[in-house]
Structure formats: structure tokens, C-alpha cells
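A, B, ... follow the sequence lines: proteins, then strands. Residue 1 opens every chain.
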Protein chains: 2
Amino acid sequence: MKITRAAEYAIRCMVYLVRKGKGTLVSRREIAHQAEIPAQFLAKIAQELARAGFIEIRQGAKGGFVLINEPKEMNLLEIVETIIGEISLNESSALLDFCSDPNQCPVHSVWTDATSQLRDTLQGVTFDKISKKGSCISIEKPKSDK
Amino acid sequence: MKITRAAEYAIRCMVYLVRKGKGTLVSRREIAHQAEIPAQFLAKIAQELARAGFIEIRQGAKGGFVLINEPKEMNLLEIVETIIGEISLNESSALLDFCSDPNQCPVHSVWTDATSQLRDTLQGVTFDKISKKGSCISIEKPKSDK
DNA sequence: TAAATTTAGGACCTTAAATATCTTGTATGC
DNA sequence: GCATACAAGATATTTAAGGTCCTAAATTTA
């Protein structure tokens, strides 16, 4: 019943890139260090974000990640679901078999409705909103860049 | 990001008891069979429901479970949280350390808000509402009671 | 073009939690 | 007292999360 660490890391990574600015190349090392994400684990997460089209990964020396989209065009739901798959509060498919019609059944339609509500809420949260001042994710000063 | 099986089983058990009627003794065997819950696992779940004051467990021959409260006085949230603990979408406590103030931070306050919304929704769903006709959980006919 | 840097991607490992099951003990009814 | 039915702790089994490791590949730079 929790957002996973991987999803939390993905969000931190995206917020970091947003704060650095769309199109700005940022090394994995810097993000991992500043956002406190295990570097190798971040690599895995970034690959999924890249496959989903949110960032571009540049290999080689001076490589790193680049934000592709406008912050206001990205929302929490799509980032989270890129990492953990479609959010669903419903019981597993094995349990759905028990219920002949989860959409009609008053017991099980609750989860369908609550899931929709949650997904709508997260969809409404765009990255321009959560990346402004006050965020716990602060960027490394460009000058002190190693 | 799912309700656990244990929680789903607890809900089925309560719905079954509600449909049988407050104060009606129902054997664990019957509930386990009709609601498709592993009997021993149901025992564990029932113990927690009993400790929380929702049902009474009668030991010995002709033992079983009895619903204590009025269906309209019980809601999904309290049953679910009895089994899986307080619902929270927030990241683990280890991750909260990263954020100095999850209530102020725009990144992390999202989870707090979404969690409140979800809990409110579940709190509004009382057992009299979900136990009416149309539910996938049907009770054994009293006459054919073995 | 060789070396250094940096990410890619698959294999593997560790831990924790969920999901039970087993066994022995205890309470109740007949 | 014996059968029945739940209690409760110990013990698997399975699954997923959360990482780590290692070799390869891409890119920059000397």
C-alpha cells in the first residue's frame, strides 16, 4: 500500500532535472549524490524513464540525463506508473476471479472507484507545480559543478 | 500498491457475517468455504478482527464467529486498517528522512493529501452499503446448514 | 587511436513481507 | 470423557522490492 522506493527515486530524479532545466545535461553521479539515490539503481530507473520518453540518456564521457518535455506537460501519475505499472488498489487477478463482476458488485466496485480517484489526483499534479521553491530536492550550484 | 489478500479476506468475512445478521453464530468452516478463504488463514484474520472488537469468537464445539456491531456502524477503512495497519501512500520512514518537511514540501505533501483522500473515501463506505444484493458474497442457506 | 569516463543491460544477491500451513493446546457441547 | 472447533506460536513457501556486480558499449579527450 505504498509508493515504492523506485517510484520515489524516479520522482526525485525528474524533479531534479526540472529544476536544472529542460534540455540541461546532468550526470547520473550528480543526481544520485544530490537526490540520495543509489547510482546503479538510478541507472535502472532512468532507463525506464528514457524508454517512456521522459528523458534522454547520453552515454560516454560527459554523459548523463536530459529532460525532454516541459515540466507542465508531465504529471506524477505517468512517472509513477512508468516505474511501478498501472496503479490499482484492487486485489490481485486471482482474487478478482472470486467476484463475477467487480464493476457491479458493491464490495469490489469500491476499489475500482477509489483507484480512479487516486489516479485522477496524481494526474493533476504536474511537475511545474512540485518543482518550485519549497521542494526538498535542491540542485547543485552550476558553478561548484565538479 | 494493492490491498492485501488478508484485507480482502477480512472484508469478505465481515460481509458474510453481515449478510447472516448481527448476533448470528457462523462457523469458521462455513465462512472459509463460502467465501473461499483458507481456513487457517481466516483464523488469524478473525483473531485480529476480534481483538479490534468487530466480532466475537466462540471456542469449542459449535463455535464460530459472531458479528458484534451494526453494519452501518462499520466502514471499510477500519476493517482494512485492522488488518494491514494505517493506510499510507507515503514512502517509508527511511525515505521521509530525506525530506525535511513532508507537509510543506510540494513533492511529498502530494502523498499526504492523496492518502487523506483515500482514507476518507474508504471511511465513507459502510458495511450496510456493500452487503446488500448484488454483492459477490452470497451466504449459505440456513436450512442446508450442515 | 588509446585511455578515461560514463551509461547499458543482464545476472545475481539479500531482505522483508505476504500467504499460508503445521502442531500443540484449550474451550465447549453432548 | 470424547469429539468438535477455535487459539496461538512456530515454521515453511513464495513473491517482490531493493540493490549490487560485471562485462559491454558509447563518447570524449589527450
A:Phe41 has its side chain closest, among D:dA3, D:dG18, D:dC6, to D:dG18

CD1 of A:Ile57 versus C1' of D:dA25: gap in Å, rounded? 14 Å

Among C:dT19, D:dT20, D:dT27, which is the nearest nucleotide to the side chain of A:Gln40? D:dT20

Rounded off to whole Å, could you give me the CZ-to-C1' distance for the A:Arg51 and C:dT7 pair? 13 Å

A:Ile37 CD1 to D:dG18 C1': how many Å, rounded? 13 Å

Side-chain atoms of A:Gln47 come closest, of C:dA20, D:dA8, C:dG9, to C:dG9

Proximal nucleotide (of C:dT7, C:dA4, D:dA3) relative to the B:Ala61 side chain: D:dA3

Does A:Lys44 get its side chain close enough to the base of C:dG10, under 3.5 Å, for a donor-acceptor pair? yes

Classify A:Ala46 by what it touches in the nucleic acid, base, sugar-phosphate, or nothing, heavy-atom distance under 4.0 Å. nothing

Rounded to the nearest 0.5 Å, how far does CG of B:Asn90 lie from OG1 of B:Thr112? 4.5 Å

Taking 4.0 Å as the cut-off, does a side-chain nitrogen or oxygen of B:Arg58 come that near to OP1 or OP2 on C:dT28? no

Atom-pair distance (NZ on A:Lys62; P on D:dT29), nearest Å: 6 Å

Same hydrophobic cluster for A:Ile37 and A:Leu25, using side-chain heavy-atom links shorter than 4.5 Å among ILVMFWY? no

B:Leu42 has an atom CG; how far is it from atom P of D:dA8, in whole Å? 14 Å

Sorted by position of nearest nucleotide on DNA chain D, 5' first, the leading residue of A:Ala39 and B:Ala50 is B:Ala50

Using a 4.5 Å cut-off on heavy atoms from C-beta on, say whether the side chain of B:Asn69 contacts that of B:Phe127. no

D:dA7, D:dG19, D:dA26: which one has an atom nearest the side-chain heavy atoms of A:Gln59? D:dA26

Shared hydrophobic cluster for B:Leu42 and B:Val66 (ILVMFWY, side-chain gaps under 4.5 Å): no

One thing to verify: whether A:Arg12 and A:Glu36 come together as a salt bridge, which I'm taking to mean a side-chain N less than 4.0 angstrom from a carboxylate O. no

To the nearest Å, give me how far apart CZ (B:Arg12) and C1' (C:dT19) are. 14 Å

State which of C:dT7, D:dG18, D:dC6 makes the closest approach to the side chain of A:Arg28. C:dT7

Would you mind reading off the distance between B:Tyr9 atom OH and C:dA18 atom P, rounded to a whole angstrom? 14 Å

Base, sugar-phosphate alone, or nothing: which one does B:Gly60 contact when heavy atoms must sit under 4.0 Å apart? base

Nearest-Å distance for atom pair CG/C1', residues B:Leu25 and D:dA5: 11 Å

